[in-house]
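Just so you know, ligand 1 is whichever comes first in the structure, and atom 1 is the first atom listed for that ligand. We count residues from 1, following the sequence as given. Any value given below was found using the heavy atoms of this structure, including those in side chains, with hydrogens, waters and symmetry copies removed.
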Amino acid sequence: MPPYTILYFPVRGRCAATRMLLADQGLDWKEDVVTIDAWMKGDLKANCLYGQLPKFTDGDLILYQSNAILRHLGRKHGLYGKDDREAVLLDMANDGVEDLRTKYLNLIYKNYENGKDQYVKDLPTQLKPFETLLKQNPEGGAFIVGNKISFVDYNLLDLLLIHQILAPGCLDSFPLLSAYVARLSSRPKLQAFLASPQHTGLPINGNGKQ
Ligand code: GTS
């Protein structure tokens, strides 16, 4: 029985980064899929802490909030920097990922038809901080912070991959981010996961927009 369970809708959504982390780290997990029909019945929603999914189980520990789940796995599996300094830099980077993810999800779910052109125009401004972080990494920029992969790298990689689908070429003017995506995506276990039906068989978002 795998130690971890993800309870979520049949989408990549807010679980893509967690799944990438687990797959790349060679960790097993179980998926419990909740269909929209089952969710609409309301009982499960009423029993979730914030009335939302994902729900993540680690033994008797039950977690909600996708970023808390990533941080938990980061702490547990040595993916949260080598010291407090790296940890807070990772927090800062992850909060930036969350800010852009929130904007992306607002576009996808609330304003896709009317908002996409402006969103794509603004994208360079939104992506530049991540290029800057890579440039500032004294360890060489292979990872967002330090010289070892962290939970934020999986979260940022997912964010960049979904933006490349929304706006192909959006990384062309960011050499470090382009190389970062290519390098991380070619890590053997991650590459195998990204090519697997477990990933490709799921839509990115619940409404089919991407
Ligand atoms: N802050 C939460 C997190 O990061 O986990 C947001 C979770 C969230 O928005 N969940 C959505 C949900 O449960 C699904 S998704 O946006 O992640 O695809 N929606 C159903 C509902 O009833 O709110």
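Of all atoms in ligand 1, listed by their number and element, those nearer than 4.0 Å to a heavy atom of Lys45 are 21 (C), 22 (O), 23 (O).
Remark: ligand 1 and Ser66 share an N or O pair separated by less than 3.5 Å (distance only, no angle test). Taking distance alone, with nitrogen or oxygen atoms compared against 3.5 Å, Asn67 stays at or beyond that limit from ligand 1.
Annotation: atom 1 (N) of ligand 1 to nearest protein heavy atom, Gln65 OE1, 2.6 Å. Looking from atom 6 (C) of ligand 1 to the surrounding protein, the closest heavy atom is Gln52 OE1, 3.5 Å. Of the protein's non-hydrogen atoms, Tyr8 OH, 3.0 Å is the one closest to atom 18 (O) of ligand 1. The nearest protein atom to atom 14 (C) of ligand 1, hydrogens excluded, is given as Phe9 CE1, 3.7 Å; this is a heavy-atom distance. Ranking protein heavy atoms by distance to atom 20 (C) of ligand 1, first place goes to Trp39 NE1, 3.4 Å. Nearest protein heavy-atom contact of atom 10 (N) of ligand 1 is Leu53 O, 2.7 Å.
By the side-chain contact (heavy atoms from CB on, under 4.5 Å) test, Gln65 is found to be paired with Tyr50, Ala68, residues two or more places apart in sequence or in another chain being considered.
For residues 85-110, the set of pairs meeting the ring pair (Phe, Tyr, Trp, His ring centres under 6.0 Å) definition, not counting sequence neighbours, comprises Tyr104-His163.
Note that atom 16 (O) of ligand 1 has no protein non-hydrogen atoms nearby, at separations under 4.0 angstrom.
A donor and an acceptor atom, one from each side chain of Ser150 and Asp153, are located under 3.5 Å apart.
Under the 4.5 Å side-chain criterion, counting only non-hydrogen atoms from C-beta, Asp158 is not in contact with Arg12.
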